[in-house]
Engineer: 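Questions regarding the structure given below will be posed in turn.
Since the structure is predicted, the reported quantities are computational estimates derived from the model, not experimental observations. Because only heavy atoms are used, hydrogens play no part in the values below, and waters and symmetry mates are left out as well, while side chains stay in.
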Number of protein chains: 2
Amino acid sequence: MSTEEKIFEAAFKVFQSKGFTGARMQEIADEAGINKAMLHYFFRSKEKLFEAVFLNAFGKLAPQVNEIFNSEDPLFEKIEKFVHSYISFVMDYPFLPQFIIQEMNNNPEFVAKFLKDEKRPNPSKLLKQIETEIGLGIIKPISPKQLLLDIFAMTAFPFAAQNLVKGIINISNDEFFQLMEERKIHISEQIINAIKK
Amino acid sequence: MSTEEKIFEAAFKVFQSKGFTGARMQEIADEAGINKAMLHYFFRSKEKLFEAVFLNAFGKLAPQVNEIFNSEDPLFEKIEKFVHSYISFVMDYPFLPQFIIQEMNNNPEFVAKFLKDEKRPNPSKLLKQIETEIGLGIIKPISPKQLLLDIFAMTAFPFAAQNLVKGIINISNDEFFQLMEERKIHISEQIINAIKK
DNA sequence: ATTAAGTTTAACCATTTGGTTAACAAAGAT
DNA sequence: ATCTTTGTTAACCAAATGGTTAAACTTAAT
């Protein structure tokens, strides 16, 4: 693995657990097992390094989401596929949702930058589809945006609020992952039950 | 307003928008319009000041939640009351959910500390009630923990991921608040529809 | 009026932090 | 072989940051 890759992975790890302001360049260097000057040699500044890591993290998630949202599948199938693929993916990067949410809130300038990316999650087609299926009488009348929020919330929240959740319902890390595994079916059932006619 | 209160409110504001590591003692002092030394005079250290603010923030939310969760109301009514009261409350402190989640994740030592508090959110009675109502045939068989997660997720997520949500579904701050107002009824309907027999 | 306690300020301090530099090593190109 | 580019290191630097101090001011009790 090249030095640049080592730095990138170390930065990903450290930024994810400490956030941008909490992360230390020295810690990233140590984690990568290289000299701190190399961080600047390859990435110029903390901001640039962070940007690279963040956009990459987001870029991993968004295309998957878009592919599902923009397919020709019927709504119920899309919901099932989305929940499944999102949870499977995030179980490999359990702190990604919290990382993205946190930095989107802390660096509002960032929102604008990534929204220009073609890889941004774009739910417009899905929103129209919901309206169509309501019109066709397949699902109950419902606000498309609320439904979209429901789907995101049910899938992403447990990961984003991971430590809080573990603390409040008092479960171990293993139990948490098991619960998330079960959740793949649970969410689809729950949402589809709620909206099907 | 006393100097100590000024500091506390300023700290609340700054910690909430910048997080613990991002917050600067000088910025808090400026925000409060007082000398930085006063922060240490009244609160000893950044950690102590943060702790005071965080536990207070949490202490505002938890008792409300517990009162509803531990009442004698039937499940459907509890869900309605919780969603209503949580969203109403949080609309006054829109960054509270993100703040709590973020700091619970970034300072894991903190989790232990606040879980000892009697004011901690305690869902055990609600979890039992869900099982009981399943036994009584009022609602469909379902994992109580998953249902609890659903309720939290649907209510808290949009606030926690506020900037991301606004960006993705492309709405203004006003539209966001309107959506949250509508959400008070939407969530209860959605969940009750999903679980009622 | 004096004292004592609490409150407030400006200046200061040690450490941390992101970032730079200059020398050095490795590797390819000529 | 030598030159040039790229990669790497240790030492260094200026700014920022959390925290301290000693003196000054305010208030209320004696």
Engineer: Could you check, using the six-membered ring where one of them is a Trp, whether F82(A) and F69(A) have ring centers closer than 6.0 angstrom?
Structural biologist: yes

Engineer: Taking the ring centre of each residue, are F54(A) and F20(A) less than 6.0 Å apart?
Structural biologist: no

Engineer: Output the rounded distance in Å from CG (L39(A)) to P (dT20(C)).
Structural biologist: 12 Å

Engineer: Touch check for A29(B), heavy atoms < 4.0 angstrom, all strands: base, sugar-phosphate only, or nothing?
Structural biologist: nothing

Engineer: Under 4.0 Å between a side-chain nitrogen and a carboxylate oxygen: does that hold for D150(B) and R183(A)?
Structural biologist: yes

Engineer: Could you tell me how far apart Q26(A) (CD) and dT9(D) (P) are, to the nearest whole angstrom?
Structural biologist: 12 Å

Engineer: Would you tell me if any nitrogen or oxygen in the side chain of R24(B) comes within less than 4.0 Å of OP1 or OP2 on dG18(D)?
Structural biologist: yes

Engineer: Provide, to the nearest angstrom, the distance between the CD atom belonging to E47(A) and the P atom belonging to dG19(C).
Structural biologist: 6 Å

Engineer: With heavy atoms under 4.0 Å as the rule, sort M25(A) into base, sugar-phosphate or nothing.
Structural biologist: sugar-phosphate

Engineer: Can you identify which nucleotide, out of dT9(C), dT9(D), dG18(C), has its nearest atom closest to the I34(B) side chain?
Structural biologist: dT9(C)

Engineer: Answer whether the closest heavy-atom distance between the side chains of I87(A) and I187(A) falls below 4.5 Å.
Structural biologist: yes

Engineer: Go through dT8(D), dA10(C), dT20(D) for me and flag the one nearest to the N35(B) side chain.
Structural biologist: dA10(C)

Engineer: Could you tell me how far apart D30(A) (CG) and dT17(C) (C1') are, to the nearest whole angstrom?
Structural biologist: 13 Å

Engineer: To the nearest angstrom, how far is K48(B) atom NZ from dG18(D) atom C1'?
Structural biologist: 16 Å

Engineer: Does the pair K125(B)/E72(B) count as a salt bridge with the N-to-O cut at 4.0 Å?
Structural biologist: yes

Engineer: Using whole Å, what does the distance between atom P of nucleotide dG19(C) and atom CZ of F42(A) come to?
Structural biologist: 17 Å

Engineer: Between L49(B) (CG) and dG18(D) (P), how many Å, whole number?
Structural biologist: 11 Å

Engineer: Specify the separation, in whole Å, of atom NE2 of H40(A) and atom C1' of dA11(D).
Structural biologist: 15 Å

Engineer: On DNA chain C, compare the nucleotides closest to K36(A) and Y41(B); which residue's is nearer the 5' end?
Structural biologist: Y41(B)

Engineer: A37(B) side chain: which of dT17(C), dT8(D), dT9(C) is closest?
Structural biologist: dT9(C)

Engineer: Counting only side-chain N and O atoms of T3(A), is one of them less than 4.0 Å from OP1 or OP2 of dT8(D)?
Structural biologist: yes

